[in-house]
Amino acid sequence: MPADPELSQNAYGLRFDWGLCGADAIADGADIAVVVDVLSFTTTLTVAVDAGIDVIPSQWRDDRATQLAEQFDAVLAVGRSAATPGRISLCPATVRAAPAPARLVLPSPNGSTIAHELASTAPLCVGASLRNASAVAQWIWARNRSAVTAVIAAGERWPDGSLRPAVEDLWGAGAVIAALLDAGASDVSPEARTAAAAWRAVEHDVGSELRQCGSGRELAGMGHPEDVDIAAEVDSSSCVPILRDGVFVDATRS
């Protein structure tokens, strides 16, 4: 918890904040925590779940990730630069191109790390991207209209390890919040309303905006423009990945 309890947004039923520290603050007392990491953890997560793959988030990319894969009898995703044909990395395009394993360990320094931490602190953790934002909001609303919901934009990292707020995650979080507002959600924090407004400002041209934002240009420069295109598949997925016993599974199939 932050030193000032007001930073937890505990006066509101629908909340928004950034990164691991923000998650720790606003998930306190929440019924549902929604993690958003558009480029690329939660986009890759939705592509995997659409393919019938259960996903184990990992905050590590070392021997501990290997041990996690052995524990769950899962395939371990490799780093983007190490991906060869037929191998899965954090790039969603590699999930579509490779044979689908039953389970996948997916390391990520941002979204996966936040989900891993929330597994022990939040009653329920959900992964959302632009691909399934409406599906997640509809599932939350149908499950419990009065659920206290904390939406967390994962963000990226500067070279010194500090949080870099990433606009694509603001848009993804805002898409979930906007859909909840459209469904009738009230008791919304100013932070959450601002995220929804940011999404509404770009929703009609989000593909172009994703390609032009810093993270999109970075991925294109790394040779992965297709990952940005996949991230822009707004509401193409009806999956709702929920974290159960350390594994993301599709709530719509359970």
Side-chain angles (χ1 to χ4, degrees), residues 1-10 15-28 30 33-45 57-62 64-65 77-82 89-92 106-122 125-130 150-177 189-199 201-202 209-224 227-228 231 243:
M1 285 289 291
D4 184 348
E6 293 303 324
L7 296 180
S8 69
Q9 301 176 39
N10 58 10
R15 311 165 181 175
F16 166 78
D17 217 303
W18 286 94
L20 187 57
C21 290
D24 288 341
I26 68 169
D28 183 68
V34 181
V35 179
V36 180
D37 185 353
V38 170
L39 296 174
S40 295
F41 173 72
T42 54
T43 293
T44 305
L45 170 65
S58 174
Q59 62 185 127
W60 312 290
R61 194 184 291 280
D62 53 22
R64 289 169 292 186
V78 299
R80 276 192 170 99
S81 61
S89 74
L90 190 58
C91 299
L106 191 60
S108 157
N110 302 303
S112 189
T113 298
I114 293 170
H116 181 89
E117 291 297 319
L118 286 171
S120 60
T121 59
C125 179
V126 180
S129 69
L130 291 170
V151 185
I152 299 106
E156 296 291 341
R157 298 283 177 178
W158 290 111
D160 67 359
S162 61
L163 173 70
R164 174 173 72 81
V167 71
E168 70 275 6
D169 293 342
L170 177 65
W171 296 333
V176 175
I177 294 165
S189 74
E191 291 86 352
R193 290 191 183 278
T194 298
W199 164 243
V202 301
E209 296 291 340
L210 278 172
R211 286 188 290 272
Q212 293 180 63
C213 75
S215 299
R217 288 185 284 109
E218 180 184 43
L219 274 178
M222 293 167 61
H224 302 293
D227 289 352
V228 185
L243 199 54

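In what follows, every heavy atom counts, from backbone to side chain, and hydrogens, waters and symmetry copies are set aside.
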Heavy atoms, side chains only, cut-off 4.5 Å: are Leu106 and Thr44 in contact?
-> yes
When rounded to the nearest 0.5 Å, the distance separating OG of Ser40 from CD of Glu168 is 8.5 Å
One should read off an interatomic distance between Glu218 CD and His224 NE2, to the nearest 0.5 angstrom, of 10.5 Å
For the atom pair CG (Leu170) and CZ (Phe16), what is the distance rounded to the nearest 0.5 Å?
-> 5.0 Å
Which residues pass the salt bridge (Lys or Arg N to Asp or Glu O under 4.0 Å) test with Arg157, sequence neighbours left out?
-> none
What's the spacing between Leu163 CG and Cys21 SG if we round to 0.5 Å?
-> 8.5 Å
Ser58 to Ser112 - nearest heavy-atom pair and separation = N-OG, 2.7 Å
Between Gly111 and Val35, the two heavy atoms sitting closest are O-CG1, 3.8 Å
Qualifying residue, where the test is side-chain contact (heavy atoms from CB on, under 4.5 Å) with Thr42 and the options are Val126, Leu130, Asp37 | Asp37
Between Val38 and Gly172, the two heavy atoms sitting closest are CG2-CA, 4.1 Å
Side-chain heavy-atom pair Leu90, Ser108 within 4.5 angstrom cut-off = yes
At their closest point, which heavy atom of Trp171 faces which heavy atom of Cys213, and how far apart are they?
-> CH2-CB, 4.3 Å
Salt bridge (Lys or Arg N to Asp or Glu O under 4.0 Å) against Arg64, all qualifying residues, sequence neighbours excluded | Asp62
To the nearest 0.5 angstrom, please state how far the CG atom of Asn110 sits from the CD atom of Gln59.
-> 12.0 Å
Nearest 0.5 Å please: distance from the CZ atom of Arg80 over to the SG atom of Cys91.
-> 4.5 Å
What's the shortest heavy-atom distance between Ile177 and Ala196, and which atoms?
-> CG2-CB, 3.9 Å
Note, Arg217 side chain near Val228 side chain (heavy atom, < 4.5 Å) | no
Decide yes or no for Val36 and Val151: does some side-chain heavy atom of the first lie under 4.5 Å from some side-chain heavy atom of the second?
-> yes
Close side-chain approach of Ile152 to Ile26, heavy-atom, < 4.5 Å | yes
Phe41: partners by ring pair (Phe, Tyr, Trp, His ring centres under 6.0 Å), with sequence neighbours left out | none
What heavy-atom pair brings Arg61 and Ala77 nearest, and what distance separates the two atoms?
-> NH1-O, 4.4 Å
